[in-house]
Number of protein chains: 2
Amino acid sequence: MTSTRATLIQVAERAGVSLASTSRALHGTGASKAMVERVRAAAAELGYSADAIGRSLRLKKTSQIAFAVADIGNPVYVEIMRGIHEVLAPHGYRVVVMSTGDTATSTAELIHSLHGGFVDGMIVIPLRTDDELIEQIGQAPVPVVVIGRAMSDRGISSVSTDSAAGIGAAVRHVVSLGRRRIGFLNGPLDTTPGSSRQRGFDEAVSAKDFSAEGTDVEVAADFTVAAGIEAARKLLDRPHRPDAIVAANDLLAIGAVRAARERGLSVPRDVAVTGMDDTELGQVFLPRLTSVSLGSAERGRAAARLMLGLTEDADAPAQQISVGTELFVRESTVDQNGEDAE
Amino acid sequence: MTSTRATLIQVAERAGVSLASTSRALHGTGASKAMVERVRAAAAELGYSADAIGRSLRLKKTSQIAFAVADIGNPVYVEIMRGIHEVLAPHGYRVVVMSTGDTATSTAELIHSLHGGFVDGMIVIPLRTDDELIEQIGQAPVPVVVIGRAMSDRGISSVSTDSAAGIGAAVRHVVSLGRRRIGFLNGPLDTTPGSSRQRGFDEAVSAKDFSAEGTDVEVAADFTVAAGIEAARKLLDRPHRPDAIVAANDLLAIGAVRAARERGLSVPRDVAVTGMDDTELGQVFLPRLTSVSLGSAERGRAAARLMLGLTEDADAPAQQISVGTELFVRESTVDQNGEDAE
DNA sequence: GTGAAAGCGCTAACAA
DNA sequence: TTGTTAGCGCTTTCAC
């Protein structure tokens with residue numbers, strides 16, 4: 001950790017040519033073969049690497065994109081980040097992680113911090129999307145892509161997924177399995193995911209081909225296993241116990257499985273359980289969770305691609321990408337071979 | 001996304017004072033109260049925010065720290081990153097995520113990229129630590145903190161954890177439960193975690209107070225559930241089947257539970273299983289996994305603190321922090337109330 | 001206490 | 001093709 005970095009001026013002196021020629025020979029165009037050769041050699045001898053800051057100042061481009069999220073650590077967000085990184089890294093962009101979690105920073109503050117000019121754009125997953133946020137994004141000095149609700153009608157590029165449709169798929173799946181009473185285990189209704197999933201359930205059970213006998217709804221305090229256990233107990237203790245529980249995410253679904261086991265109920269025999277997000281957690285759970293994938297990595301990739309477009313033309317019209325959902329059927333709804341399903 | 005950012009010069013003009021005074025009034029010292037007032041007002045009117053790049057160039061400080069890891073997405077790494085972020089963010093540092101995963105970039109290349117000068121330091125978790133890597137780190141133009149093996153004797157600040165001792169704790173735990181035959185389910189031996197955990201197991205079973213009847217060892221192809229199932233099957237199919245399996249991480253432990261269920265064995269009654277890393281995955285698994293915490297978040301925090309020290313004095317002597325391990329006893333070894341333990 | 005000016009490392013417009 | 005020079009936005013000597 002002792003070596004000092006060489007500057008372009010030093011390379012120029014070493015090569016015995018001008019600063020401009022040196023710059024051109026290394027990055028730009030219009031340098032003779034001999035010049036390139038000469039400068040390259042000098043640069044190599046000095047172990048030269050272009051200074052990112054000097055370059056940024058001149059080019060007005062940081063080659064950095066921020067990824068802002070409430071709680072880095074949430075498996076779904078991590079998966080999204082992976083997708084973002086996968087697309088941006090090959091284009092020379094670095095990903096700066098910003099989190100509202102550990103400091104008392106709000107999403108609005110994160111967006112405001114963009115005025116510092118340390119990134120060329122921001123991909124954000126807001127917990128709630130209200131008018132104030134939309135306003136904030138409109139004021140942002142760099143392109144912002146939102147993952148969550150569709151917002152292109154408000155002039156903001158966004159990536160969404162039809163979680164409502166995903167809930168519908170889960171409901172139809174358990175009904176097709178012959179389940180008669182469907183419980184819906186949702187998270188807080190005042191969140192974006194909570195409200196859209198509720199809508200999905202309501203639509204699914206009011207469809208004319210919905211053939212089950214009845215439904216029950218329980219709202220957990222948040223999207224965690226603990227809250228899921230709590231709420232699932234209530235669901236299972238209803239006079240007419242559900243024989244299927246559609247949960248709004250995998251953590252709630254795991255809570256539902258636990259609550260069922262507490263009561264000596266077998267999953268999926270007595271009660272089928274579905275999750276949402278298709279996390280690794282759910283995939284290795286016992287029983288493996290039937291879950292609706294919202295294409296997390298793909299949402300990240302899509303957002304990153306939108307961002308790449310915006311970095312080229314910040315005033316391009318707002319785009320809107322919807323990533324499809326997919327139901328993965330596993331042991332928590334279908335006893336696949338009887339030996340390890342419960 | 002249309003607003004343009006004001007520069008310090010504009011603020012100076014607006015306030016009708018010099019550039020120097022403006023800068024001093026906003027950040028520095030030695031400005032009169034009236035001046036501060038005046039400049040603040042002008043800055044507020046223009047919505048001024050200092051440009052991070054111009055500032056960096058002048059101060060030779062980016063306020064960014066890189067976090068480099070093979071595979072962002074690994075839950076353990078995510079937890080570490082959370083710890084890092086938690087410590088660095090309040091100090092005004094941003095965290096830049098670098099991953100060797102999706103591009104063909106090696107750890108060595110990531111370290112080399114530090115010559116670009118876009119961060120003030122790097123926290124890295126190398127997959128393998130050989131002499132070449134140590135050499136590379138010695139050449140790095142900014143402070144580097146390694147999470148993994150202890151390396152302060154090589155002049156590199158590092159954070160480690162005694163996973164060998166952790167395996168020992170797990171072994172003693174199952175023995176204290178009265179288990180007679182202990183199986184060790186390890187991951188690849190040519191990795192840093194694999195080799196130290198093997199050492200831990202060997203030491204534990206050769207201790208003179210080790211009172212079990214026998215041991216078996218199986219090495220999985222990698223640290224995943226699938227590989228764990230595979231290797232655990234072999235362990236369970238031995239002539240003298242183990243009544244306890246100590247796994248080298250939570251994913252392998254989950255594989256062991258699965259393999260046991262396949263054979264109609266009950267966990268923990270027929271076979272007790274322990275994991276390592278104490279991931280959320282293990283905590284919500286069914287049965288909840290007894291696991292040895294290696295203090296992931298704390299390792300991240302410790303590394304971040306070391307880094308903060310190094311940013312103040314890059315030539316300070318290399319420090320070495322060891323984060324303690326802790327055994328969390330849960331349902332996979334102790335049937336806690338009979339109702340939901342398996 | 002305040003202002004003028006230099007310069008961090010780089011690229012690009014302009015001149016030769 | 002090559003060199004000279006200005007300037008990106010900022011902080012900090014240095015004079016006053």
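Not measured: the values here are computed from a predicted model. In the text below, chain A, chain B and the rest are named by the order of the sequence lines, each starting its count at 1.
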### Query
When you check the phosphate oxygens OP1 and OP2 of D/dT2, does a side-chain N or O of A/S32 lie under 4.0 Å from one of them?
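Yes.
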
Would you mind reading off the distance between [X] atom [atom1] and [N] atom [atom2], rounded to a whole angstrom?
{"X": "A/I9", "N": "D/dT5", "atom1": "CD1", "atom2": "C1'", "result": "13 Å"}
{"X": "A/L59", "N": "C/dA12", "atom1": "CG", "atom2": "P", "result": "6 Å"}
{"X": "B/R24", "N": "D/dC10", "atom1": "CZ", "atom2": "C1'", "result": "13 Å"}
{"X": "A/K33", "N": "D/dT1", "atom1": "NZ", "atom2": "P", "result": "13 Å"}

### Task
Among B/I123, B/V119, B/V96, find the one that has a side chain to side chain contact (heavy atoms under 4.5 Å, CB included) with B/I65.
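It is B/I123; the other options fail the test.
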
### Message
Pick the closest DNA chain C nucleotide for B/A31 and for B/L57 by heavy atoms, then say which residue is nearer the 5' end.
### Response
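Going by which nucleotide is closer to the 5' end, it is B/A31.
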
### Query
A/D51 side chain: which of C/dA13, C/dG9, D/dG9 is closest?
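So the nucleotide nearest the side chain must be C/dG9.
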
### Task
Quick one: label A/L8 by what it contacts on the DNA or RNA (base, sugar-phosphate, nothing), any heavy atom closer than 4.0 Å.
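Base, at least one base heavy atom under 4.0 Å.
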
### Message
Could you go through A/S158 and A/Q320, starting from their C-alpha distance and side-chain angles, then the distance that decides it, and tell me whether this counts as side-chain hydrogen bond (donor to acceptor under 3.5 Å, both in side chains)?
### Response
CA-CA 5 Å; A/S158 52; A/Q320 156 64 34; 2.6 Å; yes

### Task
With DNA chain D as reference, determine whether B/S23 or A/L19 sits nearer its 5' end, using the nearest nucleotide of each.
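Nearer the 5' end of the strand: A/L19.
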
### Query
Within the distance-only criterion (no hydrogens, no angle test), does the side chain of A/T192 pair as donor or acceptor with the backbone N or O of A/L127 below 3.5 angstrom?
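Yes.
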
